[in-house]
Number of protein chains: 2
Amino acid sequence: MVTIKRLAKEAGVSFSTVAKALNNDETINIETRRRIQLLAKQLNYRPNILARGLRSRRTKTIGVILNDLQSPFYSEIYKAIGEILDHNGYTMFLADSKYDEKLEKENILSMIGLGVEGLIISSVSEMSDNIDFLLKSLVKTVFIDNRPNRSDINCVYVDHFVASSLATNYLISMGHKDILLLNGPKNLPSSCRYLEGYQKSLKEERLPFKEELVVYDSIGLEQSVNLMDQIFSGNHRIKPNAFSAIVTLSDVSAIGIYEASHKHRYSIPDTYSVVGYDNIFFTKYLNPALTTIHQPKEQTGSLAANMLLDSIMERGGDEVQVILSPILIERDSVKSIK
Amino acid sequence: MVTIKRLAKEAGVSFSTVAKALNNDETINIETRRRIQLLAKQLNYRPNILARGLRSRRTKTIGVILNDLQSPFYSEIYKAIGEILDHNGYTMFLADSKYDEKLEKENILSMIGLGVEGLIISSVSEMSDNIDFLLKSLVKTVFIDNRPNRSDINCVYVDHFVASSLATNYLISMGHKDILLLNGPKNLPSSCRYLEGYQKSLKEERLPFKEELVVYDSIGLEQSVNLMDQIFSGNHRIKPNAFSAIVTLSDVSAIGIYEASHKHRYSIPDTYSVVGYDNIFFTKYLNPALTTIHQPKEQTGSLAANMLLDSIMERGGDEVQVILSPILIERDSVKSIK
DNA sequence: AATCAATTGTTTAACGTTAACGAAAATTTG
DNA sequence: CAAATTTTCGTTAACGTTAAACAATTGATT
């Protein structure tokens, strides 16, 4: 392994001269600097991040903790984060919290142990101890995808309340009255906002809110398939004829509905209308093309990354909360029954 | 930040006693050990990986360098890698080489600087200098997705030659004679194997190999859309009526074909038949459901991770090459024209 | 010629951990 | 009961880097 000492020996100078030369320190003669920098390149020298981080606390790494790494939704977000970080010489650690608060805590501690300078996190809960813990610790943090219940934080998220009311309003305008809400885990902040938006739209249109038409914990493909399979089979408290449309918290869930309905020979949108959420890239190629609520994922990622870097570099001042707007994308998975 | 010294002060022992206690060293009284371990948990102590790695070279991290992080194909692979690593107390660094050899080299050097114990990499080229460099360095490496031209390495990949001949044979059996090959970058090992399999199938069936029906660099959604858009518009050396079927190197490319053909009002499979590659999870929900060649992605990831861990732990002996088999998945994007 | 400042380079001490070694206390042995 | 052994804990020196303090050489100024 080629270290600074090795370069020093090779170049015939002290190791700290090499260190300064590599950091382009003006107190080293420009020629010596050039000479050493060239040598470093020739020998494929790379600073040992461990040593640097240990000494200087500047590891040039940041941690990204998300609820589901595999989901294309989060993929697009961390793709955007990665781009920004790359341009700024930073590397990212990715971790999957699997919508689990304990795992999230584990990941946070790991990241701190790894010496990250900052963290971007889609926190599982709105008022988890993890959030307090994070704010007490010294790592700069940006919360994405949802908003913890406090104002002294950096965050960027889309308004889930608006999103679900957009979806619900649209279904109502198409004549649907019994709308199943396939919601996420109950403690998930986005689930709460989502439910509220759904309720608000029903209320506005003077439709009754039927608690029994809300079902939780259906995030992810498999869970969603299983759940809808139960419903379509009649093995669930919700019966197949109790609703004519479905609002989901994610496009992936919507695909689960496609799968289950396909199995039971129900047609979408003829029997059931479906509105997804996220607008992940392939939804327009589904059969039928999915009507969904678009989230600006790339923007979320790049904004979050830039905010974090600003915060790390001490540029930019106070904490900021950025709220992005969702957009309804009309396609073919909703049928008018007016 | 809570360190080993802090714990020592708190517990009234020397810092090295704490270190040993935390590593469950038998030479420390069981009671003292328990006491210190409890304290560590209470104070949310996490070992500083930087310091540990610097001193002991055991960072418990491995690097994963892939050609396209966002593609669901690679997502599924690194998801599987992550699962295995988690169970073994390892963390992973992810990096995107974007099918670029220079960026790949950059990433390799970064990973080494980060102190990874091993590397899983989908190398861009078959005989890149990067491979020699890696083998000369001390980092254990597993190559995935394709096979460098040497035998003294660990790798796991599916046989792209078999894959493309599976696809081509199938199309021929459905009566297609003019088959466009949407291949990846020319230097990509998988592209080479893919071309060879395609040629072999044509030859077997005594069909002429038309070089002009092979087009390169069409990996990724956008490139694929642009390319097909050109072809369908007549602005390409390949004319729209020169072929009746398309074989692609990735499902994502296949989606690009869907997009372009949709724009130009061509029907799949009525005007063009398409066979994808990878079988990423949502292809069966596309319109039309995509006929594709399945790659065992999860298996690839978990095998690679296990091989790497074996190699790191010095268990297991020689280098192994694992070749997995692709499977044809018949769906609705191919039409018989016999 | 003596002084001072600028220029260029070196010495040294951290950062938090591991691990080899040393030392003290507790226990066993003859 | 002294000596030998075991048990238990403390000392110390690395790992490769950064950064502050220090030293040496040169050039400019009085």
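All figures in this text were calculated on a predicted structure; none of them were measured in a lab. Letters go in sequence order (proteins before strands), and every chain restarts at 1.
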Report task. Indicate whether OP1 or OP2 belonging to C/dC15 is found under 4.0 Å from a side-chain N or O atom of A/Arg58. Result -> no
Report task. Evaluate whether atom CZ of B/Arg150 has more than 12 neighbouring non-hydrogen atoms of other residues, nucleotides or ligands under 6.0 angstrom away. Result -> yes
Query raised in the report: With respect to the side chain of A/Leu54, which nucleotide from C/dG16, C/dG9, C/dT10 is positioned closest?
Result: C/dG16
Requested in this report: Provide, to the nearest angstrom, the distance between the CD1 atom belonging to B/Ile112 and the P atom belonging to D/dC15.
Outcome: 19 Å
Query raised in the report: Do A/Leu114 and B/Thr61 touch side chain to side chain, with heavy atoms closer than 4.5 Å?
Result: yes
Requested in this report: Give the intermediate values and the outcome of ring pair (Phe, Tyr, Trp, His ring centres under 6.0 Å) for residues B/Phe93 and A/Phe93.
Outcome: CA-CA 6 Å; B/Phe93 278 110; A/Phe93 278 110; 3.6 Å; yes
Query raised in the report: Taking NZ from A/Lys60 and P from D/dG16, how many angstroms apart are they, rounded to a whole number?
Result: 23 Å
Query raised in the report: If you look at every strand shown and take non-hydrogen atoms under 4.0 Å, does B/Ser16 touch a base, only sugar-phosphate, or nothing?
Result: base
Query raised in the report: Heavy-atom distance under 4.5 Å between the side chains of A/Ile65 and A/Ile120, does that happen here?
Result: no
Query raised in the report: OP1, OP2 of D/dC9 versus side-chain N and O of B/Thr17: anything below 4.0 Å?
Result: no
Query raised in the report: What is the distance from NZ of B/Lys9 to P of C/dG16, rounded to the nearest Å?
Result: 12 Å
Query raised in the report: So which nucleotide from C/dG16, C/dC21, C/dT18 ends up closest to the side chain of B/Asn48?
Result: C/dG16
Requested in this report: With DNA chain D as reference, determine whether A/Arg55 or B/Ala51 sits nearer its 5' end, using the nearest nucleotide of each.
Outcome: B/Ala51
Query raised in the report: If only side-chain N and O atoms of A/Arg33 are considered, is one of them under 4.0 Å from the OP1 or OP2 phosphate oxygen of C/dT7?
Result: no
Report task. Find the distance B/Ile28:CD1 to C/dA19:P and express it as a whole number of Å. Result -> 14 Å
Requested in this report: Using only side-chain N and O atoms of A/Tyr45, determine if any of them is under 4.0 Å from OP1 or OP2 of D/dG16.
Outcome: no
Report task. Look only at the side chain of A/Thr59 and the backbone of A/Gly115, and say whether a donor-acceptor pair between them is shorter than 3.5 Å. Result -> yes
Query raised in the report: Expressed in angstrom and rounded to an integer, what is the separation of B/Lys5 atom NZ from D/dT11 atom C1'?
Result: 13 Å
Report task. Grab the CD1-P distance between B/Ile4 and D/dC9 for me, whole Å please. Result -> 15 Å
Requested in this report: For B/Lys20 and C/dT18, give me the distance from atom NZ to atom C1', rounded to whole Å.
Outcome: 10 Å
**Report entry** A/Asn23 side-chain N/O to D/dT18 phosphate OP1/OP2 under 4.0 Å
**Finding:** yes
Report task. For B/Thr3, report the nucleic acid contact type (base, sugar-phosphate, nothing); a contact means any heavy atom under 4.0 Å. Result -> sugar-phosphate
Query - Closest-nucleotide ordering on DNA chain D, the 5'-leading residue of B/Ser56 and B/Val18 - result: B/Val18
Query raised in the report: Between atom CZ in A/Phe15 and atom P in D/dA14, what is the gap in whole Å?
Result: 14 Å
